[in-house]
Structure formats: C-alpha cells, structure tokens
Amino acid sequence: MSLVEITGLTVAFDGVRVLHGIDLTIGKGEAVGLVGESGCGKSVTWLAALGLLPQKARIGGRVMMEGADLLTMPRSEIEKVRGARIAMIFQDPSSALNPIIRVGRQIEEAIALHRGLTGASVRAEAKRLLDLVGIPDASRRLDNYPHEFSGGQNQRVMIAMALAGNPDLLVADEPTTALDATIQAQILDLIVRLRNETGLALVFISHDLGAVSQVCERACVMYAGRIIESGPTAELFRQPRHPYTNGLFEALPRLDGPRRRFVPIEGTVPDPRHMPAGCAFSPRCRSARENCHHTQPALATLSGTRQIACLHPLSDSPASERQRDFAVA
Amino acid sequence: MLRFLALRVARACITVALVVTFAFIVLRLSGDPALIILSPDSPPEAIAAFRKSWGLDDPIWQQYLRYFLAIIRGDLGVSMRDGQSAIMLVAERIPATLQLTIPALLIKIGLGIPAGIYAALHRNSAIDRIVMIGAIVGFTMPSFVLGLLLVLIFAVILGWFPSGGQDTWMHAILPVLTLGVGGAAILARFTRSAMLEVLGQPYIRTASAKGVPWARVVRGHAFPNASIPVVTIVGFMVGSLFAGAVVVESLFAWPGVGRLLVSSVANRDLAVVQCILLLVSITMVVSNLTVDILYGYLDPRLRTGGHT
C-alpha cells in the first residue's frame, strides 16, 4: 500500500534542470534511503514535493498522496500536509531552529497547528515529546533557547517537533551530517527506535552508506538528478550493479581486512548546465562503452525488487565480503 | 544587567562631556561673541564691558572650567543676546520641533517597515523596484532639495499647501513629508535587506515544513529575527527627534529647536548652543541605550550575564 507516489518529478532553476524525472514510491511504514553526492537532487526531491523550494523553481510531474497531487494543491492545502502528514528534519539542527523562540514554543506551535489541542495540554504534549526523544529534564528545557542546546540535542528537538503532528512520513534530510560520530549514532538509534514505536514511514536522505544500511530496508542511489539504482538495502550493498554505486563502495575506508588504497571515482559531478550527452555518469565510468555516451538509460527493473538505469550493468560485484562492513538491518 | 547599565551610563556621560567640550572649543575659536552680538562698530569700551561681564577676558581654560563646572551643577547659563535662561529658550521651542518630528517618525515607521517587508516578500516585483528606487532617492537627496521640490510642486504650482510658517496644521504637512519620506525610504531599505537575509535562513524553511501558514511564518518567525537592524535604525531616528529638523525648520521657517540652533551658532551664543547640543546628545545616548537593552529582549543570544 503506497503512501506517497512520486512520478516524473522534475525541477529546474532558471531554466537549468537539476531533477530529471524521479519516480519513487514510499509504502506505509517503509524506510527508504536516498543516497548520493551533494547536489545530486536528494533533498530537492522532497523540498519540491512539499512545496518548500523558492518560487523561481519550476516543478513538473506528480506527487500523489491519497489521491491528491501535492504539487497542484493550493497553498492552504499543502500547509495542512506539511507537519501533519509529512514532516521533515534538516541537516544542521542548530540553524534549523528559530534562534529567538524558546524550543518549547516551537514544538507547541506544531502541536497546536495539527492536533487541535489548547492550553495546558499543548505544554504537556510538548514535554512528552521531549521526553520521547530523550532530552533529560524536559519540563525545564522547554523554556530554553536553541543556543542553549548542543547540536545533537537540537536535532532531538527537531525530531520532537516533527513528531508533533503525528505524521505518516518523516523525511530526514542528512539528519546526522552536521553532528560528530558518537552523536550521529545516538540520533540514528533514536530514529530507528521511534520508527519501531510509531510505525512511521521514513525517507532517509544521506551520503552516509553505513547510516542508510542501519536505518533503511530499501535504498535509492541518485546521480545528477536521477535515480540510477534502487533495491533492498542488503542486496544493493552486497552486490551493487551500477558502476556508480559500486564506485561509492570502492571509495569507502574499511575497518577490517588488509590495508588498501581507497579507489576514488575519477572526475567530478557534472555541472547541471552542461550535462554530458547520454548517461550522465558515462564520462567517469570505467565500464562505459560507445553507446553510453549518447543513449540515456531508463530506470528499468533488473530482477524482482531491483531497478537500475545502466546500459551495461556490472554482472557480478567482486565485493562479496562487503557484508561484514555493514550490519544490514 | 545593573553592571551593564552602569557601564553604559558612564560611557554616555563621557560622550556628553566630549560633545560639550568640542562645542566650546569650536564656538570660541571661530569668533568673538562680543563683536558679533554688539557689532564690530561698537565703541571699544562697550565691547570691553561686554567681555568683562561675560568673563570673556579670562584665559580660555578658566572660561572652559567655569563653564564645565556650571554644566555639572545643572546651570546651563543665559543667552548672551537677551539674558534669558538658555534652558527656557530651548524648552519653549521643543513643542514646535516635536510637531514635525513625531508625525515624521510615524510616517517613517508606518510606511518604511511595511514597504520593506512587502518588497522582500515580492523580490524583483514592480513594488520592490519602486521601493528600492525610492530608497536610493531618499538616501541621496538632501532634505533641502526634497523640501524645495515639494514646495515647488505643492505650494508654488499646485498651491495646495503653504510654503512656510507655523499658523495651521496645513503648514506642517510639507515639512513633515520632507522629513518622513526620506526616512521611510531608508527604513524600507534596511527592513528589506534584513528580511531577505532572514527569509533565506534554514529555520524559516523549518517553520514552513511544520505547516505554519506563510503569513504566520513571516509575522512570527521572520520579522522578529529581522527586527534587530530595523530597531537600530529606528533608534537613530528617535534619537534625532529634537534636532533632526535643523535644515527643514530653516527651509520652512518653522520656529523649532533647529532654527534656534542655526541662529545661536551664527551669534556665537554659547550657552544656547551648548544647551541644544546637550539635549541632542542626551536624547541620542538615551535612545542608543534603549536600543541596546531592546536587543537583549529581541535576541536571547545577546543577553548579557545571567544563564549560560
């Protein structure tokens, strides 16, 4: 049963396309990872779906939720989806909270908007949420300002605020990128725990493959504004079939096994204003052949639950021992 | 907080003392009050007598010391022209000046802030462009040029309003517009850029993402954050309530503090000039202090002392 169904989503800024037709379905209670380098369109996909991009953005396609298209809704309607049906948290929690409003009031604002509570019950619910996300001494901390919290605590506050409207889907846009490693692990644990407790669906946007494997059942790899490979996280990570996905794993450091050089992906991400002809990855691809440079591969089902957009997918990845690196959920 | 206040008051006192000192130096070095008030053709005995009676024949440092101590005692002296108390002379002009500057301040705030917010929200729209052009004109056009322009259009050509004097409220309209329009443009410009900066901040997106309606995002999340630079400018405007109209009062023959200042400087009437400068510097200092305290209310990160 699908919760959100994105079809052919495109986004252009000043006539430059940055998203080239995204098809993505999120099922109820499902956790999906969106993986890729900065600028590949992971965040833009969801900002566009929720109408949070600047006005100059030109958006095409459809984002269906319960029979309604979020992209063509009037503003007053989409405002009722945001926070209530789909909540979003962001990369840098310290700048994502309003610096001059007490965190309690920021959480209470969301509760009052979506839950129809008033007066003391709003406050009580805000305290419950802060407790839920693991902020000690919640009733006192409600009166603090964001600068009085650490980065990790601010992300917990953001999560509490996102949960305030009882959403069906939480979009977490690089929620751990700005935090240090131990705090990252805590926030990931919190997200996993909340998902188990509330049954909320999750879109986890990250360039951290380890984090994605810990949190998500399914992952989509994006490159230059397209989804180029998707599938169950365990399978995708065990045996990436797209040369780009494979390249991402080759570039990772390993904790075990012999010391070896990282294998970087040569070249850089193409400039959206000067996209190469054919497959956007072809100039950097070690397996590229003649037709890759003029034919754009479509995202096609490879087998069962896996999809890939590649004319010459890798047949068998040499990384069967990779499993050990990722404690796949 | 008390420590902060005490420090600021001490600094304010130093500022005022410096203002008084500089005014004394400049006024006493730029001309002899005896020659100006009595005219150079007066008999030498009269001039000597005038000098003696005002203590102008004492060494300059003695005059300064005497003057400074008198100010500390709260004695601002009497006008050299007619012996009236300087404080009374200035005080009776204040209401006339406020009749111009308070309505002008209301125009600046009531027109400038909404225009700035609107321009920021509709960036590159026709209204945004009009506000920006208006701001440039308001910034660059001196008030005497704007004032003369308004006189030309509304008094000379259209004949709607009188060009000078203080007889009816109609007389106040052109000077108030001259003062208000330029200030409104300046305030609009600052409000616009402050709003634009805040609207690009991640927490504005967060507020939208949690479903806050746009009008409430602007009112409740964006404007309060943008208000700090706006409050700073408004603070300056409040600080110039008593003496921000020197040029405009002269232009429209409006008998306020500003015109008194101009004539007193011309006459080297030290006591009156000092009195006005004190008034100006004290209002400036008080309004700056108020702005500093307001910062703490507007932005919890700027609160001094207290919690961590």
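The sequence lines fix the lettering, A, B, ..., with proteins before strands; numbering per chain opens at 1. The basis for the numbers below is simple: all heavy atoms, side chains too, and nothing from hydrogens, waters or symmetry mates.
- Both the sub-6.0 Å distance and the 45° axial angle are not jointly satisfied by R301(B) relative to the ring of Y145(A).
- Side-chain contact of D128(B) with S125(B): a donor-acceptor pair under 3.5 Å is absent, judged by distance alone.
- Ranked by heavy-atom pairs under 4.5 Å with chain B, the first of Q91(A), M88(A), M161(A) is M161(A).
- A donor-acceptor pair shorter than 3.5 Å can be found between the side chains of T97(B) and E249(B).
- At a threshold of 4.0 Å, the pair E148(A)-R141(A) does not count as salt-bridged, since none of the basic side-chain nitrogens sits closer than that to a carboxylate oxygen.
- R216(B) touches chain A through its side chain: at least one heavy atom from C-beta onward sits under 4.5 Å away, while N, CA, C and O do not.
- Of the listed residues I204(B), L298(B), V198(B), N225(B), the one with more heavy-atom pairs under 4.5 angstrom with chain A than any other is N225(B).
- Both the backbone and the side chain of A96(A) have a heavy atom closer than 4.5 Å to some heavy atom of chain B.
- Applying the side-chain contact (heavy atoms from CB on, under 4.5 Å) test between L294(B) and each of T232(B), L289(B), V231(B), D299(B) identifies V231(B) as the sole match.
- No donor-acceptor contact under 3.5 angstrom links the side chains of H207(A) and E37(A), judged on distance only.
- For the pair R205(B) and F90(A), the cation-pi criterion (under 6.0 Å, within 45° of the ring axis) is fulfilled.
- Heavy atoms of L199(B) lying under 4.5 Å from chain A are absent altogether.
- Only the side chain of L47(A) comes within contact range of chain B, with at least one heavy atom under 4.5 Å from a heavy atom of that chain.
- Among the candidates V234(B), V238(B), L241(B), the single residue satisfying the side-chain contact (heavy atoms from CB on, under 4.5 Å) test with S287(B) is V238(B).
- Contacts of L97(A) with chain B are made by backbone atoms alone, with heavy-atom separations under 4.5 Å and no side-chain atom involved.
- Here K42(A) pairs with E174(A) in a salt bridge; the nearest charged N to carboxylate O distance falls below 4.0 Å.
- Residues of residues 152-160 of chain A lying within less than 4.5 angstrom of chain B, judged on heavy atoms, are M158(A) in numerical order.
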